[in-house]
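Here the structure is laid out as structure tokens; the discussion comes afterwards.
Quick note on labels: first sequence line is chain A, next is B, and so on, each numbered from 1.
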Protein chains: 2
Amino acid sequence: MTKARKAVLEVLGTAERPLSASEISSLVSHCCDPVTIYRTLHYLEDKGLADSFVLHCTEHGTERYFTLLAPGEASYAHHHWFHCEHCHQFIDLGDCRIGTLVDAYQEELGIRVTGHTLYLTGVCPACSSLGRNGQEHDHRGHESQSE
Amino acid sequence: MTKARKAVLEVLGTAERPLSASEISSLVSHCCDPVTIYRTLHYLEDKGLADSFVLHCTEHGTERYFTLLAPGEASYAHHHWFHCEHCHQFIDLGDCRIGTLVDAYQEELGIRVTGHTLYLTGVCPACSSLGRNGQEHDHRGHESQSE
DNA sequence: AATTTTTTGCAAATCACTTGCATTTTCGAT
DNA sequence: ATCGAAAATGCAAGTGATTTGCAAAAAATT
Ligand SMILES: [Mn+2]
Ligand SMILES: [Mn+2]
Ligand SMILES: [Zn+2]
Ligand SMILES: [Zn+2]
């Protein structure tokens, strides 16, 4: 296993939230070229060690986010996430809860589902209490906690 | 209402599947510049007339897809879609069925959910029967039906 | 119709991500 | 430990979707 891959695995394993390639790139600080991050992430996803989804957020644009998958974890045993559109943090929604819904769709429609993407967006508790429901003003204060 | 916006509305209203900006661009054939399509789609989404999601498909890359929203339609009253990774067609999953799940998350976590993205991917019935479960070979034949 | 406001087209810029290719690293076999 | 094949990396350049600046054209107001 190469240095770059160890570093990315380490960073992904430590993070408790999905990370984008650029976040990973800065977290492994100069360990390797960004292009290697991309290649490493492909590698990990191919190997079934990582999971990813593409999230679009008005402020941050469209980016792919990655999480580590426990080895041998079944396809439904991944997590889904909530993304706060104010502070741009993720909140873990825990293990996937739409397995039965997916099964229902498969039976109803005769489709074979091999993957799905689900994420929620809105305002996190912290932003709600600070920013009076995150709708009216722009209260800075706890924003950009992790960027 | 301008010519370009009428054209895009018409195309989106006729289509029975989500359309990408580039698909829309060719469907309105030379009516306007692609950049106007993008601006029009932003406009429609702002007005609440259109809904969109970003889908990543290995073969087609990452693109944003748009559907028309019945005017006055509540936020949960949208559809979700299945995307066949063989023929790249969408299958309508009907009205959103995760309203209660989303509510559960809101209560459990104290988050305020204002939007969500859900789509399924896999192999459609047509591709399954033709291509022997869409896993082994590459049977061409009914692919590229709508592109 | 004249004026103001919005929308459009074209060209150029972004941005995330990919690819080509020559140069290392890694790794299995000696 | 050493050698050579195979895989991984860096750098530069290329993609493809989407955005932005700005002046011209179209639509809404008056
Ligand atoms: Mn964000
Ligand atoms: Mn596709
Ligand atoms: Zn927040
Ligand atoms: Zn299909």
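Proximity of residues 8-16 of chain A to DNA chain D (heavy atom under 4.0 angstrom from any strand atom) is not detected for any residue.
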Open item on the list: Base contacts versus sugar-phosphate-only contacts with protein, heavy atoms under 4.0 Å: please encode nucleotides 10-22 of chain D as B, S and - from 5' to 3'.
Closed with: BB-----SBBBB-

Task: Where protein sits on nucleotides 25-30 of chain D, one letter per nucleotide: B base, S sugar-phosphate only, - none, heavy atoms under 4.0 Å - done: ---S--

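Rounded to an integer number of Å, the gap from B:Asp46 CG to C:dT7 P is 11 Å. Atom NZ in A:Lys47 sits about 11 Å away from atom C1' in D:dA7, given to the nearest Å. With rounding to whole Å, A:Lys6 atom NZ is found 11 Å from D:dT9 atom P. Between the CZ atom of A:Arg5 and the P atom of C:dT24 there is a distance of 19 Å, given to the nearest Å.
Screening residues 26-43 of chain A for salt bridge (charged side-chain N to carboxylate O under 4.0 Å, His left out), with sequence neighbours left out, gives no hits.
Qualifying side chain to side chain contact (heavy atoms under 4.5 Å, CB included) partners for B:Ala15, counting only residues two or more places apart in sequence or in other chains: B:Leu19. With sequence neighbours left out, the side-chain hydrogen bond (donor to acceptor under 3.5 Å, both in side chains) criterion links B:Tyr43 to no other residue. Under the rule for a side chain to side chain contact (heavy atoms under 4.5 Å, CB included), the partners of B:Thr2 that lie at least two apart in sequence or sit in another chain are B:Ala4, B:Arg5. With sequence neighbours excluded, the residues that form a salt bridge (charged side-chain N to carboxylate O under 4.0 Å, His left out) with B:Glu108 are A:Arg97. A search for side-chain hydrogen bond (donor to acceptor under 3.5 Å, both in side chains) contacts involving A:Thr14 returns A:Glu10, not counting sequence neighbours.
Where the helix from C:dA1-D:dT30 to C:dT30-D:dA1 starts and where it ends, the local axes point in directions that differ by 40°; five pairs per end, rounded to 10°.
The pair A:Glu23-A:Arg17 meets the salt-bridge criterion, since a charged nitrogen lies less than 4.0 angstrom from a carboxylate oxygen.
Between B:His80 and B:His116, the side chains place a donor N or O and an acceptor N or O closer than 3.5 Å (distance only, hydrogens not considered).
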TODO: Quick one: do B:Ile24 and B:Leu12 satisfy side-chain contact (heavy atoms from CB on, under 4.5 Å)? Show the steps, please.
DONE: CA-CA 8 Å; B:Ile24 296 171; B:Leu12 278 177; 4.0 Å; yes

Task: Stepwise side-chain contact (heavy atoms from CB on, under 4.5 Å) check, B:Cys84 with B:Ile91 - done: CA-CA 8 Å; B:Cys84 176; B:Ile91 292 178; over 6 Å; no

Run the side-chain donor-acceptor check on residues 62-70 of chain A: report pairs under 3.5 Å with partners two or more places apart or on a different chain.
unit_1  : atom_1 : unit_2  : atom_2 : d
A:Thr62 : OG1    : A:His56 : ND1    : 2.8
A:Glu63 : OE2    : A:Ser22 : OG     : 3.2
A:Arg64 : NH1    : A:Ser52 : OG     : 2.1
A:Arg64 : NH2    : B:His56 : NE2    : 3.3

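Aromatic rings from B:His86 and B:His88 are positioned such that their centres are separated by 6.0 Å or more.
Through side-chain heavy atoms spaced under 4.5 Å, either directly or across other Ile, Leu, Val, Met, Phe, Trp or Tyr residues, B:Val35 is tied to no other residue.
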